[in-house]
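To keep things clear, I will list the structure first and then write my remarks on it.
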Amino acid sequence: MAGAIDLQEYRGARRRLVETLQAQGLRDLSVLHAIDEIPRHLFIPTGVRHRAYEDSALPIGSGQTISQPSIHARYLELLSLTGKERVLEIGTGSGYQTALLSRLAAQVFSIERIAGLLDKAREVIQQMGANNISFMLGDGTLGWPQFAPFDAILVGAAAPEIPMAYVAQLAEGGRILIPLGDRDEQVLHLFTRHGDELARQDIAPVRFVPLVGKHSWKS
Ligand code: SAH
């Protein structure tokens with residue numbers, strides 16, 4: 001399957017990105033290894049593809065953006081995945097983070113509300129041959145109850161507050177990463193479930209596109 005993709009292409013640029021992330025303090029070797037291996041340029045529209053290995057957010061069409069690599073790296077490091085987890089991702093977008101997750105967890109469930117983005121992401125991931133990802137077109141603020149409970153829920157878009165479905169669909173000890181705030185500025189939050197309690201950690205100020213759905217922003 002891997003024959004469809006030339007992994008040597010951009011290999012040097014990818015290696016330099018990994019070094020930049022290490023210099024910023026990223027230590028999780030499995031995350032660094034996944035970034036070294038996943039061809040981020042394939043998830044980026046051709047017009048801005050030459051910038052694929054800069055540490056910047058880039059437009060992916062339909063008014064959405066792919067986050068900068070250091071944000072993805074930070075997100076994934078915070079989850080401390082061991083390879084055994086079932087992970088729910090809200091906001092497939094380009095599919096790049098989905099591909100990283102497929103290397104770091106056992107099973108990935110990813111929901112996107114914009115059909116054009118989901119189709120594209122699915123196509124690139126199919127070329128890569130990952131077979132532990134399930135996609136759904138729909139409103140991610142409802143979660144994906146059929147496949148719950150999840151060990152981790154990553155929300156790649158910002159909400160005013162945490163949609164309650166996520167808490168209901170979280171396994172014991174599971175984690176939710178979600179940017180919460182207003183439409184322009186948010187704080188990345190990490191919630192960890194201990195029994196009926198949800199421990200909360202504020203991680204860092206961030207800027208994400210809005211999470212649009214029944215239990216979040218309406219448009
Ligand atoms: N991690 C992705 C982030 C893409 S931006 C990447 O790096 O490419 C966030 C995505 O969330 C957008 O594609 C947007 O369409 C999607 N989104 C927003 N609200 C959503 C919802 N309720 N359900 C599913 N996806 C949603």
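Keep in mind that the numbers below use all heavy atoms, side chains included, and drop hydrogens, waters and symmetry copies. Note that ligands are numbered from 1 as they come in the structure, with each ligand's atoms numbered from 1 the same way.
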Could you walk me through whether Leu188 and Tyr75 pass the side-chain contact (heavy atoms from CB on, under 4.5 Å) test, one step at a time? CA-CA 9 Å; Leu188 181 60; Tyr75 248 67; 3.5 Å; yes
Atom 9 (C) of ligand 1 has as its nearest protein heavy atom Gly156 O, 3.3 Å
**Min heavy-atom dist Lys214 to ligand 1 below 4.0 Å** = no
In this structure, atom 6 (C) of ligand 1 is nearest to the protein heavy atom Ser94 OG, 3.6 Å
Looking only at protein heavy atoms, what sits closest to atom 22 (N) of ligand 1 is Val212 O, 2.6 Å
When rounded to the nearest 0.5 Å, the distance separating OG1 of Thr65 from CZ of Arg207 is 11.5 Å
Separation between CD (Gln126) and CD (Glu123), nearest 0.5 Å, reads 8.0 Å
Short version for Val209: what comes under 4.0 Å of ligand 1, heavy atoms counted, is side chain
Can you tell me if Gly138 contacts ligand 1 (heavy atom of the residue under 4.0 Å from the ligand)?
yes
Is a side-chain donor-acceptor pair under 3.5 Å present for Ser110 with Thr92? yes
Counting from 1 in the order shown, the ligand 1 atoms closer than 4.0 Å to a non-hydrogen atom of Gly93 are 4 (C), 8 (O), 13 (O)
Note: Glu112, heavy atoms under 4.0 Å from ligand 1, region reported as both
The answer for which part of Thr98 has a heavy atom under 4.0 Å from ligand 1 is neither
_Ring geometry between His72 and Tyr96 (parallel below 30°, tilted from 30 to 60°, perpendicular above 60°)_ = perpendicular
If we number the atoms of ligand 1 from 1 as shown, the ones under 4.0 Å from a heavy atom of Thr141 are 22 (N)
Logged contact type for Pro210 with ligand 1, heavy-atom cut-off 4.0 Å, is backbone
Contact region, Ile114 to ligand 1, non-hydrogen atoms below 4.0 Å, reads side chain
In this structure, atom 5 (S) of ligand 1 is nearest to the protein heavy atom Thr65 O, 3.2 Å
Atoms of ligand 1 under 4.0 Å from any heavy atom of Ser67, numbered from 1 in the order shown, are 7 (O)
Quiz item: Angle class for the Tyr10/His41 ring planes (parallel below 30°, perpendicular above 60°, tilted otherwise)?
Solution: tilted
Rounding to 0.5 Å, atoms CZ (Arg11) and OH (Tyr53) come to a distance of 9.5 Å
Note: ligand 1 atoms sitting under 4.0 Å from heavy atoms of Thr92 are 2 (C), 8 (O)
* Asked: Would you say the side chains of Ser70 and Gln68 form a donor-acceptor pair under 3.5 Å?
  -> yes
(message) Has Glu77 got a side-chain atom pairing as donor or acceptor with Leu32's backbone, closer than 3.5 angstrom?
(response) no
CG of Asp28 to CD of Gln22, rounded to nearest 0.5 Å, is 11.0 Å
of all protein heavy atoms, closest to atom 12 (C) of ligand 1 is Gln64 OE1, 3.3 Å
Ligand 1 atoms nearer than 4.0 angstrom to some heavy atom of Leu117 are 13 (O)
Consider every N or O of Gly140 and every N or O of ligand 1, then say whether any pair is closer than 3.5 Å. yes
For His72, the atoms of ligand 1 under 4.0 Å from one of its heavy atoms are 1 (N), 7 (O)
Rounding to 0.5 Å, atoms NE2 (His33) and CD1 (Ile38) come to a distance of 9.5 Å
Arg51 meets the salt bridge (charged side-chain N to carboxylate O under 4.0 Å, His left out) criterion, sequence neighbours left out, with Glu54
Residue, atom and distance of the protein heavy atom nearest atom 20 (C) of ligand 1 read Arg113 CD, 3.3 Å
Ligand 1 to Gly91, heavy atom cutoff 4.0 Å, flagged ligand atoms 1 (N), 2 (C), 3 (C), 10 (C), 11 (O), 16 (C), 25 (N)
Next item on the list: Look only at interatomic distance and state if Glu89 has a nitrogen or oxygen under 3.5 Å from any nitrogen or oxygen of ligand 1.
Entry: no
Value for CG (Leu118) from CG (Leu137), rounded to nearest 0.5 Å, stands at 6.0 Å
